[in-house]
Amino acid sequence: MAVKKKRRIGWLAGRTKSAFHYYDYNLLASIILLTCFGLVMLYSTSAYSAQVTFGDDMYYFTKQAAISGVSFILVLIFSQIDYHYYAKFAGLIYFAANVLLFLTKFIGTELNGAKRWIYIGGRISFQPAEMAKLAIILFLPVLICKIGKNVKTKGAFFTILGCGALTTVLTWKFTDNLSTAIIIAGITVGLLFIVFPKKTPFIVGAVLVAVLAAGFIMYAQTLSGSDNYRVKRVIVWLNPEGNESLGGYQVMQGLYAIGSGGLFGKGLGNSLQKLSYVPEAQNDMILTIICEELGLFGVVMLSLLFAFMLYRLMFIAQNAPDLLGSLIASGVFIHIALQVVLNIAVVTNAIPTTGITLPFVSYGGTSILFLMAEMALALSVSRQIKFREQE
């Protein structure tokens with residue numbers, strides 16, 4: 001869809017052209033649909049645990065709905081601003097994100113065995129790792145554009161890679177959040193793949209990662225008594241039934257939920273596994289409850305919604321007025337695609353548990369806030385697209 005702002009360009013004989021600005025209402029619609037779907041499933045998934053823990057079955061829903069509503073209004077406002085204006089603050093946002101990641105180690109609050117949250121005023125929690133994703137999506141395209149034609153050189157390659165690696169390491173080591181570190185690394189490599197002409201480094205890197213991953217899996221199998229929780233996750237992944245006490249219980253209950261849903265599910269609100277069988281189901285395991293209640297049909301519909309959102313992001317990236325806009329939209333595309341694929345892989349036990357949430361669906365205020373910020377950037381890029389039509 002488009003909002004027309006006509007401009008006469010009548011230099012063709014006997015013809016008139018009008019130029020009009022584009023605004024991707026299709027992407028906006030996908031945001032609304034995914035957010036609403038997420039809120040419905042969040043309430044269905046969390047009502048029991050919220051009632052037991054807080055005495056209010058709408059505890060999680062109310063908080064998520066409030067921040068989703070406010071964030072969506074901010075999307076409508078900030079998407080009207082030219083993304084080139086935001087690019088001016090890319091360096092500052094990148095610096096602030098890295099500083100906050102570093103400080104999390106010292107001033108963060110430990111929850112569930114990890115320091116990943118900073119509390120503001122003792123009540124509002126903030127996860128710097130979510131801000132780091134947005135910082136990378138905005139900063140790296142700006143850096144690439146500033147490098148310009150020299151982006152094809154090895155020096156530029158390692159400069160861009162180094163900036164992404166810095167945030168990746170800070171996320172991993174100072175917030176103990178390997179899953180987000182993997183996503184940040186994926187965004188960095190994805191953007192480099194788009195702009196760097198030689199593909200040999202990526203092939204070598206992929207082979208190296210595969211060899212290291214295989215080596216780590218073989219090594220983990222020899223350390224059944226290790227106290228390292230990442231080793232334990234690999235052991236659980238390899239044999240969840242035999243390692244229920246190490247975390248296999250959650251994996252198995254999630255698989256039971258997926259398997260019991262069938263084609264059309266048990267019906268909305270009728271999940272059994274959400275009754276404390278799947279711990280913290282409203283977070284990264286929410287897809288298992290969707291499978292149980294809505295079945296394969298519901299998961300396919302959700303997947304199509306994500307596919308449509310990714311298609312619109314690809315459309316914006318391909319038609320952006322400049323390289324900066326194209327790379328920003330591509331960064332958002334890579335982030336959403338990576339997170340959705342990894343979440344599905346985790347809940348189906350295709351990869352070890354990593355704690356990756358499902359975008360727009362899983363519970364998490366910071367996650368929703370920065371996802372909406374990314375959508376505002378993508379919509380801002382779409383607003384600068386200009387088409388010409390003959391009259």
Side-chain angles (χ1 to χ4, degrees), residues 33-69 71 109 111-114 116-117 123-125 127 179 236 240-241 244-303 305 339-340 343-344 346-349 353-369 371:
L33 290 172
L34 278 169
T35 303
C36 291
F37 180 89
L39 289 173
V40 170
M41 290 312 305
L42 176 65
Y43 176 72
S44 178
T45 301
S46 67
Y48 174 80
S49 60
Q51 182 65 43
V52 171
T53 307
F54 304 103
D56 178 9
D57 64 337
M58 298 189 71
Y59 177 81
Y60 294 110
F61 173 84
T62 303
K63 292 179 69 176
Q64 188 87 337
I67 196 163
S68 296
S71 298
T109 300
L111 294 173
N112 299 323
R116 298 177 182 176
W117 293 265
R123 296 184 64 184
I124 302 174
S125 62
Q127 198 169 359
S179 56
V236 168
E241 291 182 342
E244 290 195 5
S245 62
L246 298 179
Y249 176 81
Q250 183 185 33
V251 174
M252 291 305 300
Q253 294 301 323
L255 292 175
Y256 292 152
I258 294 171
S260 64
L263 186 58
F264 294 105
K266 296 178 179 178
L268 188 63
N270 293 329
S271 167
L272 177 63
Q273 300 303 118
K274 70 184 179 185
L275 305 180
S276 299
Y277 291 103
V278 178
E280 301 289 333
Q282 70 276 2
N283 295 326
D284 51 295
M285 297 295 284
I286 196 169
L287 186 63
T288 63
I289 308 303
I290 295 172
C291 289
E292 186 180 7
E293 294 191 347
L294 304 182
L296 179 62
F297 177 80
V299 175
V300 169
M301 291 299 102
L302 177 60
S303 300
L305 277 177
Q339 198 153 325
V340 170
N343 180 266
I344 293 172
V346 165
V347 301
T348 56
N349 202 39
T353 305
T354 58
I356 293 176
T357 57
L358 190 62
F360 299 100
V361 181
S362 295
Y363 176 72
T366 309
S367 175
I368 285 292
L369 179 64
L371 278 170

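Values in this document were obtained by computation on a predicted structure and should not be read as measured data.
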Closest contact, heavy atoms only, S362 versus Q64: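 So the minimum-distance heavy-atom pair works out to O-NE2, 3.0 Å.
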For G365 versus I67, what's the shortest heavy-atom pair and its separation?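 Looking at all heavy atoms of both residues, the closest pair is O-CD1, 3.4 Å.
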Interatomic spacing from [atom1] in [X] to [atom2] in [Y] - rounded to 0.5 Å:
| X | Y | atom1 | atom2 | answer |
| --- | --- | --- | --- | --- |
| L302 | F37 | CG | CZ | 4.5 Å |
| L287 | T357 | CG | OG1 | 12.0 Å |
| I289 | L268 | CD1 | CG | 12.0 Å |
| C291 | I286 | SG | CD1 | 11.0 Å |
| T35 | L371 | OG1 | CG | 9.0 Å |
| Q339 | F360 | CD | CZ | 9.5 Å |

Is there side-chain contact between [X] and [Y], with heavy atoms separated by less than 4.5 Å?
| X | Y | value |
| --- | --- | --- |
| S44 | K274 | yes |
| E280 | M285 | no |
| S367 | Q127 | no |
| Y256 | L272 | no |
| L294 | M301 | no |
| V251 | V236 | yes |
| V347 | L358 | no |
| I356 | D284 | no |

So which of Y60, Y43, F61 actually passes ring-ring contact (aromatic ring centres under 6.0 Å, His included) with Y363?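 When Y60, Y43, F61 are each tested with Y363, the ring-ring contact (aromatic ring centres under 6.0 Å, His included) holds only for Y60.
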Could you check whether atom CD of Q51 has more than 12 heavy atoms from other residues, nucleotides or ligands sitting under 6.0 Å from it?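 Check passes, neighbour count above 12.
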Answer yes or no: are there more than 12 heavy-atom neighbours, outside F297 itself, under 6.0 Å from its atom CZ?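 Counting neighbours around CZ of F297, 12 or fewer heavy atoms of other residues, nucleotides or ligands fall under 6.0 Å, so no.
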Expected output: side-chain [X] to main-chain [Y] donor-acceptor under 3.5 Å:
| X | Y | result |
| --- | --- | --- |
| E293 | S271 | yes |
| T62 | Y59 | no |
| Q250 | P279 | yes |

Step by step, work out the side chain to side chain contact (heavy atoms under 4.5 Å, CB included) result for W117 and T366. CA-CA 10 Å; W117 293 265; T366 309; 5.6 Å; no
Between I258, T45, T348, which is the residue that forms a side chain to side chain contact (heavy atoms under 4.5 Å, CB included) with T288?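 When side chain to side chain contact (heavy atoms under 4.5 Å, CB included) is applied between T288 and each of I258, T45, T348, only I258 qualifies.
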Output all residues satisfying ring pair (Phe, Tyr, Trp, His ring centres under 6.0 Å) with Y249, sequence neighbours left out; order by chain, then residue number.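 Ring pair (Phe, Tyr, Trp, His ring centres under 6.0 Å) list for Y249, sorted by chain: empty.
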